[in-house]
Amino acid sequence: MRSMTKQHHDVANLAGVVLAFATLAGCPMPADYDATEAIDFPRKTHSLLPPAPPAFSEEAKGWHLGSGMVTGTGPEQPIAFPHYTHVTQNGMECEYCHQAARKSIHAGVPQVSTCMNCHTYVGKDKPEVAKVAEYFAKGESIPWKKVHDLPDFVHFSHKRHVRAGVDCTECHGQMGLQGKDLVGWGVDKGDKAAHGDEHGDEHGASHDDTSHEPGPVTVIRETTMQMGWCLDCHATHPSIDTNYGNKADLRRAELKDCWTCHK
Amino acid sequence: MSTATTAPAGIRIKGIYAHLDCLLAGIEQLKSEGIRGFEVLSPLPRHEIIDAVYEGRPSPVRWWTMIGGMTGINVGFLLTSLTAIQWPMINPGGKPVVALPPYAVIMFECTILFGALFTALGAIVHTGLPGWWLDSALKDPRCNDDKFGIVFLRANVQDEARITEVLRASGAVEVTTGDDTIYEVPNA
Amino acid sequence: MQGTENPNRPATFGEANRDIIRVLLKPSMGWAALFAISTAAMIYGGWCWYLQLVYGLGVGGYNPPVMWGIYIVTFVFWVGIGHAGTLISAILFLVRSKWRTGVYRASEAMTVFAVMTALLFPVLHLGRAWQVYWFFPYPNQRYLWMNFKSPLMWDVFAISTYFTVSAVFFFVGLVPDIAVVRDHSTGLVKKIYGVLALGWHGTMRQWHHYMAAYGFFAALAAPLVLSVHSVVSWDFAMAITAGWHSTIFPPYFVAGAIFSGCAMVITLMLPLSYAYNWEKYLNLWHFEQLAKMCLLTSGILTYAYGTEYFVGWYSQNPYEWGIFYWRATGEYAWAFWLMVFCNCVAPLPWYIRSMRTNPAVLFIISIFVNIGMWFERFNIVVSSLAHQFDPAVWTSYWPSEIEWGVMIGSFGWFGFWFLLFLQVLPAVAIAEIKELIQPPTKAALGAVEAK
Amino acid sequence: MTTLNRRDFLRALGITGSTSALSACGLDDNWYKTPVESILPYVVKPDQVTPGTYTFFATTLTDGPTGRSVTARHRDGRVTFVSHNRFAPGRPAIGAAPLLELQRHYAPDRITGPRKGEAAISWDDGLAALAGAMKQSVEAGKKIVFLGGYTSGAMKLLTEQIAGDYAVRWEPLGYEAEALASEQVFGTRQLPFYGLDKAGYILSFGAPFLGGWGDADMEERYGTARDPNVGHRVARVAWVAPYRDQTGANADDWYAAAPGTEAGVARAIASLVATKTGATDVATLLGRVDVAAAASASGLTVADLESIAANLVSGEGIALPGGVSGSVELAAATYLINMALKAPAERFHLGGYSGLIHSTDELDEVLDLIANGGAGVVVVGDIDPVYALPDAMNVADRLSKADLLVSVSSQPTATQALAGLTLPASGPLEDWGITNPREGLFFLRQPAMTPVHDTRSLGDILLVAARGAGLEPAVPAGIPMPTFAAQDWAAYVREFMDKVVAGGQVGADARWIDALQKGVFGVPRVLPPMLDAAPIAWTEPTALAGGLILHTVAHHLVGDGRYADQPWAQETSDPLSGNLWGSWLEVSQAWAEAKGLVRDDLVSVKTPTGTVELPIEPRPGLRDDVAVLAFGQGHEGGGRYANGYGVRASGLFAEVASGAWTPAVATVTGTGGRGTHANGGIVTTMRSTTFTDEDRAFGVHVSAEKLAAAGDAPAHHPGELTGIHHLELDERLQAKGETYENFYLPPDHSTYRFGMTVDVNACTGCAACVVACYAENNLPVVGRERASVGKQMNWLRINRYWEEAGGHDDVKFVPMMCQQCGHAGCENVCPVLATYHNIDGLNAMVYNRCVGTRYCSNACPFSVRRFNYHTYQWPEPFNLMLNPDVSTRTMGVMEKCTFCVQRIRQTKSAWKDQEGFSAVVPDEVWQNTPACVEACPSRALTFGNRNDEAAKVTQFAKSGRTYEPLQELNVRSAINYLAKANFHDDPTAGHHGGGHHEAGHDEAHAAGAAHGHDAEGGHHEAAGHDEGHGKQGGSAEAHGAHGEAHGSNHDEHGSAEAGAGAH
């Protein structure tokens, strides 16, 4: 043992290599874990790498950086709807269109017939309004894109906030000023470029198809809508005192309960 | 380690010893002659040498340890308490928001961690490590092997003879002056 | 008792230098073979863990209520192993024990690598290992922090502190020795060691503060050693699970850790001493002291086992007594009796001097102790959970091949680092060995010449 | 491979502040980028629908005797839960079957459209083919045959109009023995109604009345009878059968009559009772009865029979017939017992299900007709005779002889596989209908959602076909009734209501709207029974012998096989054995010991007609010469969850004789192999160990001695066989958590401390709560492979503890879920605060914060936490059934019972809208909040706010039987259990003097606020009952408020996309 001979070295070395290969050969393979019950009891594997957004397809436009991550931008919408015209110029109330805001967890994107309440008569000549009319005539939904896409484990309720007296603008910003530059979209096609459409740039640049024109970004995110942002006023909002009076302290504590949003 | 006799421009003197008692004798003799400003090289920490050179003065590293430990215990307390106070309703297991017994563990660990890290920092500061820029006269591999050394980096020129004499007299096996040889370890 | 001095020492400082350094950077075929095995095991473990990450923890043998298995068993095992090094280097330093010198460097390395291995497991065993950064206090936009009341969080702090402190302590001890290696090497190797040695040249200024700092490290590390395994034991003792919830756990775990650690030192150093021909530095005198250490802690463990049973019986608490009774008679009785044999009975021959100075016996018993201590943790973790309070959910657990694979991988990971250490760093503390050598003096020389 | 740009990279590292929202996104798996989702608004929104809120529809799920009116919870186009309809009779509980029916609705293997053979065709073609075949059949003078399960109301009429006498209503484990016996004894083929709630002594000869037998409210009436908080007494249950099933396990007394002798025993008891009560008419019908011979043949003693008879008479008893293997003779004898008892009509009358019940012999005749070429078109409904009937009956061969075999089942079955034409009918949630589950009572069925697949209403199929074929109604149009001229099935149903049920057009619209809102109309009629029988030819009892006597019983949830494709039914543990996903042979422990076999050993079961191999389950509660095999498993032509699990029991039996599955004599031998029946490691039998469950106080049992010592021995209370009221709290259980010294202050619950009581005495082990939990909380089903090692995900489990007491093996069913501890073991140990104690006293679990250390599970003394080992997915369209208010969990996350926090928050939110922000929700509104409480038919579970002194849950928790499992751990659990009391005739009861009990009695009554109704009225008889029900009604009103709140203003729901793949 004191001084290993050359022979001993070889034997040990060989044994080591053999053992190493033997263990690797005996490895459980993914198939062992994948095959069982794939149809009856499907499972999803965890991806260690970020899922690759489809890079060179039409679908690529559909991928954006997660909601609440990037403010000042938003997805492209099928119709260049300007909040500015409706809210600021014509003085419409938010809840005229988003009529479920006081009743449901969703504020509600208006049914197409709500648009047609006015647009049967107003602005029929505008190309974007004509699109609305076309959807209505065909009986199809307008495929609006979600601007604020919270993670699935966040259970947010519009109703509770609206009824507590939180103003729409506190979270959504000055919606009435958004879409000012969209007024007249499509009338003089190509003159008006979408503003600040970041992912459009990202993916659009790599497109083979150079004919892709960025669609209208009608609504941008003005706030991050991240957890910390919510918490910033969840326990301090003045409406708590108004609504709860002498129970306000208790309510403030309650509002920091994780189960308020995560169930 | 005072440098009373050190002049702005000095001369290097280096004595190499093979024997510990000779080295100690040399140090004592130098000190008794009032010659200071030398550095001693040793391959091992011998308390006799440290005591001879530092004359019982303790290392200030201990202050670093104490400050580190005190920082740690406070960091431990503040970290646990302030983060808990931020969520006053989230009090698991019926414990109060700031519960000292469980936090004591964190405080203890932080004390040790900060104490150790501060000690390491203090040691580095006081030893002047990393010592890559040390004078080449101090970089004598023999003194990491089995020799001891007394090195004057900038001895007074008029003291040269006296120092050399003392070194030789105390039993140095080699005394060099103005030497800046790079030594290699024998039998490397 | 063979005396308080190593009977077989090198004669001069220079001899010590060369003896220790000569083995560095000269991989033998045997070393290469071991290294290959370790690396293969490490890769295999990594592969198994990858499968677990992708498919989920269901690839393990868990079933409620047994939600911890051999990952935690092996975790505690490695933390325990990690205790001997710091114990030997810090506590024995403080009590000026001389036999620590030969073994402390390698056992400290063992400590650092064992803790590195142990640190893997809290991550490895997570259901969502990719979220492990939530364990650490860092400011974040969610205003979320961790639960400092959780024993697991204490664990995070204790073990990362322990790792940091032992790693720093290890490195500090190494600096003068790396300087020696630097001096004995050339070229690029010299440069690398030169950087690692931090420009150490053995000046008194360096030694003075170094020794002060080293003392403080030892003083800080000593309570840390005792606290870390106490904290690990609280992982169990703080949960109200029967068989875990016991005040005896901290001393019991610390004793067990020292026991297993010292046995592991024997297991690792004994072959090393022969392979590197280091009779002068690591010899039976050292191993005898380690064996005595094991005997002491084995006695403590045996007492702790007895106490657990006595308290279980005396309390007539149906859960406590139920679990202890079942542990010794139920499905895992074999593991229990294996543990009792390995930890309480197997070391007994060491009471005979010839047994604790016989290399073969030392080695074999140390292996037994290692196995026994792994099974002790297995008994604590698995059997307590398998028979929890509610008899309707009593179940059994056996690890899956994935779990075995990850455990083998952890041994490979440890072996990888330890073998690497043996090749690149001096495995015996040269500077401290020199302290034990009678320093060369003129007086002694004169006396010899006078004869 | 895509390249990471800088931002992605930062995101991957999770080091920028803005990444944090998604860094918590392990749950939805969209780590780094999310696809843009669309919001599709309505073009024109229906008035009553607001996206994101609930709408409730009153409808009916099952037909036949078990027909049950429910409210379907609809949101965003899909039904995700069904609850009891509060306008229907019965206590507000739902049971398991309607929930299984809900899952059946979304079954992934449902037939998605019409088919000819295997080929998909259009509805027009399919209906034309059916109409053509009918026309041909009529022209050829052949019969049109309709084979279906028990149907009443409008569908019964329509099928009769089409097929006349050849509309056969038959079910494999049906009620034909009871119906035939009724014909024999009462002269009419009508099922009796058993008023268990009016009985003090319930004697069953094997009828599993707690396992789905009888009408839908049976278990609720039993719950009333057993609930000391409702009635003035607690009914005692006796069980005369060779084995105890789930129902039998709940019995206080078990008389293990030898197989084949039950009828003799029943007749002997009838004669003893008739002698006592002087019922000479019954005595005449019984003929000469040799009680001693009957007793000796059955292995019982004469004293046993006399004791039963005495209890029946003194305890206002009721007798129930046999189960699956009960013969007509046995059923007739039990009717005679009830007649001899002269039971008042509300306890026993003939107002049960009056729809026609055909016997297997009659089905056999029709099959013969088909085999002989006499049938042109055979339409098979939702029954599967090919699977369910013994092979010897050649059902498949005979059915194939029909000119056209049409299946209208939308579930794949063995019979459907033979069909030349498959026209899948819509499920009950998609359809119209009127059923008549009890004499005089009608339930309306209305669509609660649009059909999931391309299916059509069965009524529409038949109407279109009948019109196409130009059929004349086969029922004489003497009375007003709807005809084939009805515009569609909905119109037919409306017409049926106006013409047949209500008999006129007066106020029709208002009536219709009322029915749509309430789902219920008519009132149950009481038909006092009159003996109308020719002398009966009784057979003398002889015990079956010659091997193990194999009995079959309905599988506890799969039933007769109809729910075999429902994973909830398969994955919910069997109440007695804990087994799931398959079949097992239940044998006695002594038999297994004698054969040297242990649990899971494979045996081969050989009967004259077949052989199967399956694992055994030795358990208490079986005679040594009896083996039991559950019906309903072993499908071949069913869906993916039915095929290949277990064995088909019907293959082992010879012909079904006179309506009963006569036990078969089987030779059972061990094969030496080991099987698995996926018991998940569940321990069933806890007897004769040093450390029983009784020591551990999970299932606590109040012994007869304790009852006697409490002055409550049956002997002291004439007319009352049990006496649970006066029970003093067991001193071992008296130490409440609050009395312990605490290092820390108790948690502060300012407004609510939600809690529950679980009455172990009431729990029957039916597992409805488990199924409801699966439905409400999106629990994944993991399948046999993983469930067999205990990896199923049920948040709520039912522990069963066998214990020997007074010479009997008694079982205690103890539902165990998260105890919402005040000082929880799990909360301390979570390193990332994913679980904590919230202000309402709930043990919160935040899934998206969990990292999966599983430490909480280890630290939970109740072992109720469940871990997501994988990211389970739901095969389409199961995903539509997911509750959007509850996050679906992904791999590596711990989960557990939350007392349905989503419902709690909805209730709070609704109350805020109604009463103002600071209003405290009252107890009545809370009572039905968690899904398990809503489902529990026997009302073992009570939920409420324990901070409210007046709340039911607080009062119940102060009962003399209260205990907290593991309360010495001082975890301050929010759930109190109420101990089980088994009422045996205690041999020691006679030793107790009667002196002290009176005082205790009165005191208990005075102090007994917990015994709500008692405190008011002392002992009352039926009148007191009514009063009690009035009270109940009062709280039902409050439920109404609650329900309204549910209906109109719901909030705190998750976003619609919360359920994975909800869209």
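The structure presented is a predicted model; accordingly, all values stated were derived computationally and were not measured.
Looking at C/V172, neither its backbone nor its side chain comes within 4.5 Å of chain B, counting heavy atoms on both sides. Using a 4.5 Å cut-off between heavy atoms, B/V173 does not touch chain C at all. For chain B, the nearby part of C/T164 is the side chain; its heavy atoms alone come within less than 4.5 Å. Only the side chain of B/T65 comes within less than 4.5 Å of a heavy atom in chain C; its backbone stays farther off. Neither the backbone nor the side chain of B/L23 comes within contact range of chain C; no heavy atom of the residue lies under 4.5 Å from a heavy atom of that chain. Using a 4.5 Å cut-off between heavy atoms, B/Y17 makes no contact with chain C at all. In this structure, chain C has a heavy atom under 4.5 Å from the side chain of B/V105, while its backbone stays farther away. The contact between B/A18 and chain C is made entirely by backbone atoms, counting heavy-atom distances below 4.5 Å.
Using a distance-only test at 3.5 Å, with no hydrogens or angles considered, no donor-acceptor pair links the side chain of C/W207 to the main chain of B/I50.
Listed options C/A431, C/P176, C/S227 were ranked by heavy-atom pairs under 4.5 angstrom with chain B; first place goes to C/S227. Note on B/H47, B/E109, B/R62: by heavy-atom pairs under 4.5 Å with chain C, the leading option is B/E109. Ranked by heavy-atom pairs under 4.5 Å with chain B, the first of C/Y143, C/Y214, C/W154, C/F157 is C/W154. Contact count versus chain B (heavy atoms, under 4.5 Å) is highest, among C/L224, C/V180, C/V175, for C/L224. Ranking B/S42, B/C22, B/A123 against chain C, the residue ahead of the rest is B/S42, based on heavy-atom pairs under 4.5 Å. Looking only at heavy-atom pairs under 4.5 Å with chain B, the residue among C/V195, C/V165, C/L144 that has the most is C/V195. Between chain C and the options B/T111, B/I49, B/L79, B/L117, the largest number of non-hydrogen pairs under 4.5 Å is found for B/L79.
In this structure, B/W87 CH2 and C/N147 CG are separated by 13.5 Å, a value rounded to the nearest 0.5 Å. Going from atom CZ of C/R205 over to atom CD of B/E39 covers 8.0 Å, rounded to the nearest 0.5 Å. Considering CD1 of C/I430 and CG of B/L44, their distance stands at 12.0 Å, rounded to 0.5 Å. Rounded to the nearest 0.5 Å, atoms OG1 (C/T203) and CZ (B/F38) are 13.0 Å apart. With rounding to the nearest 0.5 Å, the separation of CE in C/M204 from OH in B/Y54 is 8.5 Å. Atom CE of B/M107 sits about 12.5 Å away from atom CZ of C/F148, to the nearest 0.5 Å.
Minimum interatomic distance between B/P96 and C/K149 (heavy atoms only, all atoms of both residues): O-NZ, 3.0 Å. Considering every non-hydrogen atom in both B/V61 and C/A212, the closest pair reads CB-CB, 4.4 Å.
The 12-atom threshold is not exceeded at NZ of C/K191, counting heavy atoms of other residues, nucleotides or ligands nearer than 6.0 Å.
The side-chain heavy atoms of C/P223 and B/F108, taken from C-beta on, include a pair separated by under 4.5 Å.
Between C/H209 and B/H126, the ring planes lie tilted relative to each other; the angle falls in the 30° to 60° range.
Between the side chains of C/H208 and B/S59, no donor-acceptor pair of N or O atoms lies under 3.5 Å. Between B/Q86 and C/W145, the side chains place a donor N or O and an acceptor N or O closer than 3.5 Å (distance only, hydrogens not considered).
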task = Report the C-alpha distance between B/R142 and C/D183 in whole Å, list the side-chain angles of each, state the deciding distance to 0.1 Å, and finish with yes or no for side-chain contact (heavy atoms from CB on, under 4.5 Å).
result = CA-CA 9 Å; B/R142 287 174 300 174; C/D183 292 345; over 6 Å; no
